Amino acid sequence: MLQRPRGTRDFLPDEMERRRLIEQRMLEAARRWGYREVCTPDFEHLELFTMKSGEGIIQEMYTFEDKGGRQMTLRPEVTAAVLRMYVNEGKVLPKPIRWCYVADCFRYERPQKGRYRQFWQFGIELIGADTASADAEVIMLADEVLNSSGVTFDLHVGHLAPMKHLLTDLSPEGQRAIMACLDKRDQGALEAALDELDHGHLSDPLAALSGCRTIEEIFEIAGDVPERARIEDTFALLDAQGIDYLPDFGIARGLDYYTGMVFEGFAQNLGAENQIIGGGAYRLAHLFGGDDVASCGFAIGFDRVMVSIGDFPLDSGTIVGVVCTPEARERALEAARAFRGAGFRTEVDLMQRGMGAQIAHAAKTADFAVVLGRREVDAGTVTLRNLETGEQREINLDDAIAEVARHGDR
RNA sequence: GCCAGGGUGGGGUAGACGGUUAUCCUAAGGGACUGUGGAUCCCUCGACCCGGGUUCGAAUCUCGGCCCUGGCCCCA
């Protein structure tokens, strides 16, 4: 038998309904902040992602050559594509631009809990606003979107400036190496790397940076960095709005293109892969031929959110099963159409089963049975049976619809 | 790429010092039952992940692969 590809999943209807419900809540939260949904291609030129993240990531991407000999790839993330889209078509739009998306991404990695080769991200990008208010809005929206999903999480918010200030004497490669150690919270590797770069004296301040939990301490350690006012303003806005977060200036995100504010969120029940959101302020558009516009955004690991919140009961709405004898089939289809027209999920027997078997089936899958036979056809009525209580009445179609509607309202 | 534990009908399982027709539950389809319930009874359907090796004989032992679960690495 054919297997599905490694690291991919099939979703049965119950799971799809849960996923769509959570997705809709996230989109709705974003919509209320003015973020409108966009969509970019599932595949892009390979170059788009190597420009952003370097050649090293190719081995973890689904790359292929198309029939025209172009090097293409299934998108491994969405931000680069959205910024390409901005450069292609968004430059003339009034700033700031607020966009959001839900998109599947592909990475060739070893699957484990909460990590798949095809996975979905919910994200937003705020383009063209370079202020503390913009940074704060993105964090507040992240908080609201995650809360709307019902996931419980810890939010860590930081800024790269203090760390970069401490590392200012180091070469870009050196900075990158140190930030990688900090991102991993690997004290041993950090000290080794610092010694190798002849900056052992930075070990204590860097450790203190990761450890401190108020912004006053930050500037005691890192000095009066130019971004101080911006950082203080951002955090003051978050505090004023009652956002529950942890200042964390040890976040390095290991990335070259983040320029200022950075944040991460972590959920429970997730094992080793417990980060469910990452984001921050960045500059990318100039890489794709646009202006050097400031942007800020985040991406949520949608599948991880779903794993973390677990299964929950679904309200499938009121379901109607139409049961009929052969001579009443046409009338049954009419009745079904009327119930569907009233908005009810309505299923008609297709198996040519006997009346008893049809009702037995309806009892398993529906809330009401609408029974139609010779008697109802002659009388122009339907028999409506409540499959919970077993009560049934022979009434006209409109009354039956009204009664089912009352059940749905309760 | 590395490590650990796994893989028996659609789901859940028994069988394991190698030995009859591979167990049971459940689901699904049919029937008892051509106008009324999830019960009951009967029937049907349907599995040893793939390949090599050892053997008279492999679900069982062995090797390799694939896949699953979790961890490492990575995490744009």
Side-chain angles (χ1 to χ4, degrees), chain A residues 1-10 12 44 46 48-61 73-83 105-117 119 121 123 180 183-184 186 189 252-258 262 264 269-280 282 284 287 297-299 301 304 307 321 323-328 332 349-378 382-394:
Chain A
M1 195 175 64
L2 241 49
Q3 292 174 319
R4 65 173 139 29
R6 181 171 168 83
T8 63
R9 291 155 294 160
D10 297 316
L12 289 166
E44 295 269 3
L46 174 61
L48 176 66
F49 300 104
T50 56
M51 283 172 79
K52 176 187 172 227
S53 306
E55 302 281 332
I57 50 161
I58 293 178
Q59 57 181 332
E60 294 186 344
M61 290 167 59
T73 188
L74 299 181
R75 62 178 164 219
E77 52 114 13
V78 187
T79 298
V82 170
L83 267 288
C105 302
F106 303 83
R107 296 183 189 176
Y108 193 87
E109 297 181 290
R110 183 79 164 82
Q112 58 192 65
K113 185 169 191 175
R115 173 194 278 183
Y116 310 96
R117 290 183 171 180
F119 60 98
Q121 287 192 339
D183 196 45
K184 274 179 267 188
D186 186 339
R253 299 237 72 208
L255 304 175
D256 298 337
Y257 63 87
Y258 279 103
V262 286
E264 298 176 335
N269 326 321
L270 277 176
E273 298 288 329
N274 67 337
Q275 186 179 335
I276 56 166
I277 187 170
Y282 60 89
L284 273 180
L287 285 179
F298 64 74
R304 292 183 186 177
V307 171
V323 167
C324 65
T325 59
E327 66 265 27
D349 170 71
L350 300 175
M351 307 286 279
Q352 314 273 4
R353 281 190 275 229
M355 187 72 79
Q358 287 188 50
I359 291 199
H361 179 258
K364 280 187 273 191
T365 58
D367 303 300
F368 286 91
V370 172
V371 183
L372 290 154
R374 162 79 38 90
R375 222 164 48 221
E376 287 84 359
V377 171
D378 289 346
V382 303
T383 294
L384 180 69
R385 184 176 181 87
N386 181 323
L387 292 164
E388 259 172 57
T389 63
E391 294 166 40
Q392 71 176 45
R393 289 193 295 148
E394 190 175 334

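Chain A is the first sequence line, chain B the second, and so forth, proteins listed ahead of strands; every chain is numbered from 1. If you're wondering where the values come from, they're calculated on a predicted model, not measured in any experiment.
Comparing the P positions of B:rC24 and B:rG6 gives an interatomic distance of 27 Å, to the nearest angstrom. Nucleotides B:rG65 and B:rU26, compared at atom C1', are 33 Å apart to the nearest Å. Atom C1' of B:rC75 sits at a distance of 47 Å from the matching atom of B:rG18, rounded to the whole Å. With both ends at atom C1', the span from B:rG7 to B:rA59 equals 11 Å, rounded to whole Å. Using atom C1' as the reference point in both B:rA14 and B:rG9, the two lie 14 Å apart (nearest Å). On the C1' atoms, B:rG19 is 11 Å away from B:rU60, given to the nearest whole Å. One P atom belongs to B:rU23, the other to B:rA47, and the distance between them is 12 Å to the nearest Å. Nucleotides B:rG71 and B:rA58 have their P atoms positioned 39 Å apart, rounded to a whole Å.
Looking at A:E77 and A:Q121, their side chains never bring a donor and an acceptor atom within 3.5 Å of each other. Residues A:E376 and A:T383 have side chains that bring a donor and an acceptor to within less than 3.5 angstrom of each other.
Remark: the A:R115 side chain and the B:rG70 base include no donor-acceptor N/O pair separated by less than 3.5 Å.
Across all strands shown, B:rA14 forms no Watson-Crick or G-U wobble pair with both distances under 3.5 Å. B:rU54 makes up no base pair with any nucleotide shown, lacking Watson-Crick or G-U wobble contacts both under 3.5 Å. Nucleotide B:rG1 has B:rC72 as its partner under the Watson-Crick or G-U criteria, with both atom distances under 3.5 Å. B:rC67 and B:rG6 make up a base pair, with Watson-Crick or G-U wobble contacts both under 3.5 Å. Pairing for B:rU44 is with B:rA28, a Watson-Crick or G-U wobble pair whose two hydrogen-bonding atom distances lie under 3.5 Å.
Taking atom CZ of residue A:R110 and atom P of nucleotide B:rA4, one finds them 12 Å apart after rounding to whole Å. Residue A:L270 contributes atom CG, which lies 13 Å from atom C1' of B:rG70 at whole-angstrom precision. Rounding to whole angstrom units, CD of residue A:E109 and C1' of B:rU69 are separated by 17 Å. Computed from coordinates, the A:Q59 CD to B:rC75 C1' distance equals 12 Å when rounded to whole Å. Atoms CD1 (A:I277) and P (B:rA76) sit 13 Å apart, rounded to a whole Å. Summarising the geometry, the separation between CD on A:E264 and C1' on B:rA76 is reported as 13 Å, rounded to the nearest angstrom. Here the P atom of nucleotide B:rC73 and the CD atom of A:E60 are 13 Å apart, to the nearest Å. Counting to the nearest Å, the P atom of B:rC73 and the CD atom of A:Q275 are 15 Å from each other.
Across all strands shown, A:E77 has heavy atoms under 4.0 Å from sugar-phosphate atoms exclusively, and none from any base. At the heavy-atom level, A:E273 lies under 4.0 Å from base atoms of the strands shown. Across all strands shown, A:G7 has heavy atoms under 4.0 Å from sugar-phosphate atoms exclusively, and none from any base.
In this structure, A:R374 places its CZ atom where only 12 or fewer heavy-atom neighbours from other residues, nucleotides or ligands lie under 6.0 Å away.
Of the inter-residue distances, the one linking A:T50 atom OG1 with A:L287 atom CG reads 10.5 Å to the nearest 0.5 angstrom. Here OH of A:Y282 is found 8.5 Å from NZ of A:K52. Values are rounded to the nearest 0.5 Å.
Side-chain atoms of A:Q358 come within 3.5 Å of backbone atoms of A:R353 as a donor-acceptor pair (strictly under, hydrogens ignored). Listed for the A:R393 side chain is no donor-acceptor partner under 3.5 Å among the backbone atoms of A:R385.
Across A:R304, A:K113, A:R110, a single residue satisfies salt bridge (Lys or Arg N to Asp or Glu O under 4.0 Å) together with A:E273, and that is A:R304.
Close to B:rG70, at under 4.0 Å from its OP1 or OP2, lies no side-chain N or O of A:Q112. Contact check, A:R6 against B:rC68: a side-chain N or O comes under 4.0 Å of OP1 or OP2.
The residue among A:R117 and A:R304 whose nearest nucleotide of RNA chain B lies closer to the 5′ end is A:R117.
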*asked:* So if I define the base as every atom that isn't primed, P, OP1 or OP2, how would nucleotides 31-43 of chain B read as a B/S/- string at a heavy-atom cutoff under 4.0 Å?
replied: ----BBBB-----
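Counting heavy atoms from C-beta on, the side chains of A:D367 and A:L387 never come closer than 4.5 Å.
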